[in-house]
Structure formats: C-alpha cells, structure tokens
Enquirer: 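Below: one structure in structure tokens.
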Amino acid sequence: MRSLYLKISASIVLIPLILSCSSENSPKLSEQSLIPMPVSVTATDSVFELDENTAIYAQSGNEEVKNIAQYLADRLNPATGLDIEVKTANDASVAGSIHLTLTDADTTLGDEGYELTIATSGIKLLAHQPAGLFRGIQTLRQALPAAIEKSEKQSGPWRIPTGTVRDYPEYAYRGAMLDVARHFFSVEDVKRYIDLIASYKMNVLHLHLSDDQGWRIEIKSWPKLATYGGSTNVGGGKGGYYTQEQYSDLVNYAQSQYITIVPEIDMPGHTNSALASYPELNCNEKDPNPKLYEGIEVGFSTLCTSKELTYKFVDDVVRELAALTPGPYIHVGGDESHVTPMEEYIPFINRVQDIVQSHGKHMIGWDEVTNASLKPTSVAQYWAKAEYAQSAAKQGAKLIMSPAKYAYLDMQYDSTSKYGLHWAAYIELDSAYNWEPSTMVSGVSRKDILGVEAPIWTETIADMDALEYMAFPRLPGLAEIGWSPKSARDWTQYRDRLGKHGKRMEAMGIGYYPSKQVVWEK
Ligand code: TNX
C-alpha cells in the first residue's frame, strides 16, 4: 500500500517534470548548429517528435518529389528504426507527418531555396523547385539529434525544435573539386564524397580527370588514354579509370542529389599521361617518347599546339565527354603550362574554347586562361593571380573563386599535418572560413562571381581517410561561404556551431581533423 502510494506520488511529481524537460532541454531551432547558416530561422519554443505514426507525404503526381521523399525516408529509417513510409498527398494525412510540396506561388525561393516549417503537429517543406526540397532536407537532418546519421538503430527520442527556416543560396555555384588523377578514387569513394558535399548543400562536383600522372576516363576514340595512361598513380600502384558507364553512373548519382558534375581534362600542360599513351601528340624533340610519370612535379608537359592532330584529339575527347555530361560545363584546365610558349598558349585556348562551344558546352579554365579571349559564357577559376581574376571580370566572363591560400583543401592545417602540401599556405579553420569572395580581389565584385569551389589535389592523399581528414572540417566552412549571406557569417559564432557539429560528423563516420581552434562537444 505504502509502496503504491509512493509510486503514484512520484509519478505525479515526475510526469510534469519530464514533460517540461522535453521542450526546455532540447535546443531551440535558432540554437541548432546548422551549417551552412540559413538566411532566416524563427524559433517557436516547442518540439515535434518523429514516431511510429510519422509518414512522409509527397506531392501527388510528381515522381521527382516522390524520389526526394524516399531519399528522406532512407536518411531517417536506419537510426530511428521507425520504418517511415513514403505516401502521396492524396492518402489520408496523419498528424505528425512530413509533407513535401512544390509551389509556384513562392518564386522568391529560386531554384534551390526552401521553407521548412516545423510545428508540433507536423513538418511542411515547401520549395519552388525539387532541388529546393532536397536542400531543405539537409536542414531537417541537422535539426534532428546527431545520432540520426548513424547507420544502426539508436534509442531516440527523435525531437526537432519547432519554428520556420526560410533559406536560399548566396551563390549559384558551390563546388568541391576532387583530383582523381594523382591518386585514383573508386566509384564508391566518389559517391561517398558526393553524399558528404550534398549534406552541406553544395551543388557541383568538379572531377579533375586527367593530369601528368593519370588519365581517368575512358575515351572510346583514343582507348590507350585510359588503359595505358590510367595505369598508375603518384608513387606507383595500379591507378585506374572510369569506364563511360561508370562515369554516367556517377553523373546520375550526383544528379539525384542535385549536384552537377563538371569534368576536367587539363590541357595543354598537365598532359604527360596522354603524351605517354599517344607520343604523336608530343613535339618535344628532347623526349619524343615520354614515360608514365609517378612524381609530383608540375609544368613540364605540353600537347603539341602546332599539330592539327592535337585539335582532332581535343575535339574527340570533348565530344565524347560532352555527350556523357548533362551539365553545362567542360573544364579544360589550362593551368601551369610552363613549357607552352604564351604565343602558342593563347591561340590554343581560343581554339579549345570554340571546340567546347561547338559541342554545346561552356568552357571553364583555371585563371591562366584569361590570357586568351574569353567569351562571356566562359568561366575562369581564380586560384592564384589577382590580375587574371581582374582580366576575367574585364572580359565579362564570370569567376569561380578558389584562392589557394584559403580554399585549397590539400594545404596542410599546420606544420604537423600528416598529409598535404603547404606551398600556398598552412590553412587552419579560421583562415579557411574567414575570407569573402566579393572583396578578395580589387576590381572583382559580387556580380562577377558565379560561386566558390574547394579543390583537393591528391599528390599526398591516397585514400578516403586522408581525403576526409583534409576536407573536414574545412569543407563545411567553404559551403557556408557559398550558401549563407555575408551578413550571417561570423567566425566566432561559426566556431561554436562547428564545435556542436563534431558529433554529427562522427555519426556520419567522418574522420575529421579535430582542430584546437574549436571546443568539440562530446
Ligand atoms: C597547383 S592549382 C596545381 C595542381 C597541383 C596543386 C597542388 C592548380 C590549378 N594547379 O596541379 O596539384 O598546385 O597543391
């Protein structure tokens, strides 16, 4: 009797305590460590909880929205174990569900913006375009406890603080570049990188598909490029290449996460693997039959710009690549062509630009291509020289900002970093975050800039562990530079968000660099 009395009185005291804790202990929506920081977050001080009744309702009659809904279910089901189902909006709606809807009414959201409303009764995600729904889902993931990212069932509860996020990107192009030429990365590895960059709302993966050390894409009209030119890596090893089917698989995989693949074939320099495969593309009398190269020097190779065969080669490669690439761009490199005389380099790039256009694509080149005459639809990628960035702007071409001193993910964090180079700088998290594209180069302003990109060159980076250690956590910072309004960016406040974000990266299986600049919440 007495024990029953105790139990009852204890529950009377405890129940209200538990209830009030549930909203007081969970962070407010505005205090969630969202990366990139949204344009606006309004918190309403309550919580929504995923449970057995939760379903995801996709707007009816739209297959694409249904696929996005399934993507969301696939993110939520492993950790929650809730078996959340995708239904269409015609099905009877149950309170406590998630609704994904496209709207024509809210065009201010643009191609990638979204409005996410979390109420105790359910979640509504609205966008003007499917890509906006996809980006909004990344915010929803980050609003849940970090354990949502684990691949095995966790205990929950799965609460989300209520409120509204209205959000859209600052820049249209927010990219990551992966050098698969110095070290080859498998299709599975590249898919993993796509998953990771997608969760920070990036929308471009630039694949550096050829360099002195390796040619990584099958070209049917010049088969030895891949089979011979792709047969090694920096430091030796067996290298590898993507068949055209595998490349298309990557393109489609990226597309399903609203990421465009930008393929790069670097020329006229950085071409030793092509020259070794087809010596007739070479006119270096001192070394007419170059061997495969496994070192890390740059600037020693060039296509023979005076031979007609070279332009047949470029046309064949660009034609095959353009046919496999739905995105608007072909990147032609153009960097560090130290052994191509400038009087040959300029007409070469002009002609290559025409070839790219003739296959229905726009040319991107590293900033040296501004020595040539850029069309207004071409894009220069700034990495080193301010005068080249200024020249692009003067010529009316747009810029992708990848300043090596801040945006290169292969630069070491400090002198103790186990991977990476440091020719441009040591880049700790603060300097990776604290730069502003629109004021970086005098004479280059916001209107000249298409976006930002974080390249990772892989001379010293041979596997996914090394890649993730170098990319994280600098890549989320660059993603925020590309997505969030300038006024919402602040290093000390970002550092605190990143500190709370550490356990989410851990749950995602990312072996990140635990910089001492950040207090990592365990
Ligand atoms: C310069 S950045 C290069 C690459 C190297 C990189 C190493 C650029 C356009 N070219 O070929 O891999 O430095 O950090």
Side-chain angles (χ1 to χ4, degrees), residues 175-185 206-216 232-235 239 262-275 293-303 329-340 345 349 352 363-372 378-389 391-392 399-413 417-427 431-432 440-441 452-462 466-467 469-471 474-475 478:
M177 187 214 80
L178 176 59
D179 170 9
V180 294
R182 272 53 177 271
H183 279 98
F184 182 64
F185 285 79
H206 164 187
L207 287 174
H208 183 74
L209 289 168
S210 72
D211 213 302
D212 290 316
Q213 300 86 346
W215 186 285
R216 308 301 183 196
T232 191
N233 276 330
V234 165
V262 172
E264 177 185 353
I265 298 296
D266 205 344
M267 60 184 99
H270 289 278
T271 42
N272 182 77
S273 63
L275 303 174
Y293 179 67
E294 297 168 356
I296 67 165
E297 295 298 313
V298 296
F300 60 87
S301 58
T302 183
L303 293 171
Y329 299 113
I330 301 284
H331 200 306
V332 302
D335 58 315
E336 298 172 321
S337 292
H338 301 324
V339 295
T340 323
Y345 177 87
I349 296 293
V352 166
M363 179 181 86
I364 307 182
W366 296 104
D367 59 28
E368 291 97 319
V369 298
T370 59
N371 283 300
S378 293
V379 176
Q381 185 163 10
Y382 167 67
W383 66 281
K385 271 208 184 161
E387 63 199 78
Y388 289 154
S391 164
L399 280 150
I400 297 165
M401 303 300 278
S402 301
K405 279 184 192 164
Y406 307 106
Y408 272 28
L409 301 176
D410 61 312
M411 290 298 117
Q412 293 176 307
Y413 294 99
S417 295
K418 41 186 176 168
Y419 316 105
L421 305 170
H422 57 262
W423 61 264
Y426 291 114
I427 308 179
S431 61
M440 171 117 289
V441 178
V452 294
E453 188 177 285
I456 188 156
W457 303 96
T458 58
E459 288 94 334
T460 64
I461 296 161
L467 178 67
Y469 184 84
M470 296 306 280
R474 289 181 292 196
L475 184 138
L478 186 118

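In this chain, numbering begins with 1 at the start of the sequence shown. Remember, it's 1-based here, ligands and their atoms both numbered in the order they're listed.
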Enquirer: Please report the closest heavy-atom contact between Trp383 and Asp367, naming both atoms and the distance.
Expert: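 Shortest heavy-atom separation between Trp383 and Asp367 comes out as N-OD2, 3.0 Å.
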
Enquirer: Could you tell me, atom by atom, which parts of ligand 1 come under 4.0 Å of a heavy atom of Met411?
Expert: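 That gives atoms 14 (O) of ligand 1.
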
Enquirer: Does ligand 1 come near enough to Arg182 that some N or O of the ligand is less than 3.5 Å from an N or O of the residue?
Expert: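 Such a contact does occur with ligand 1.
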
Enquirer: Counting only heavy atoms, tell me which of Tyr408, Trp366, Trp423 gets closest to atom 2 (S) of ligand 1.
Expert: Tyr408

Enquirer: Please confirm whether Asp410 comes within less than 3.5 Å of ligand 1 when only nitrogen or oxygen atoms on both sides are compared.
Expert: yes

Enquirer: What's the shortest distance from atom 10 (N) of ligand 1 to any protein heavy atom, and which residue and atom give it?
Expert: Asp335 OD2, 2.9 Å

Enquirer: Under 3.5 Å, side chain of Ser301 to main-chain N/O of Thr271, donor-acceptor pair present?
Expert: yes

Enquirer: I want to check something: taking the side chain as every heavy atom from C-beta on, are His183 and Ile461 in contact at a cut-off of under 4.5 Å?
Expert: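 They are not in contact (no side-chain heavy atoms under 4.5 Å apart), so the answer is no.
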
Enquirer: Suppose I only count heavy atoms of Glu336 and a 4.0 Å limit; which atoms of ligand 1 are within that range?
Expert: 1 (C), 3 (C), 4 (C), 10 (N), 11 (O)

Enquirer: Could you find the nearest protein heavy atom to atom 5 (C) of ligand 1 and give me its residue, atom name and distance?
Expert: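 Ranking protein heavy atoms by distance from atom 5 (C) of ligand 1, first comes Glu459 OE2, 3.3 Å.
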
Enquirer: In a check of side-chain contact (heavy atoms from CB on, under 4.5 Å) between Ile456 and each of Asp179, Leu475, Leu467, which one passes?
Expert: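 It is Leu467; the other options fail the test.
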
Enquirer: Ignoring hydrogens and angles, tell me if any N or O in the side chain of Tyr329 forms a donor-acceptor pair with the backbone of Glu264 under 3.5 Å.
Expert: no

Enquirer: Is there a donor-acceptor pair under 3.5 Å between the side chain of Arg474 and the backbone N or O of Leu409?
Expert: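 Such a contact is found between Arg474 side chain and Leu409 backbone.
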
Enquirer: Under 4.0 Å, heavy atoms only, figure out whether ligand 1 is touched by the backbone of Leu421, its side chain, both or neither.
Expert: side chain

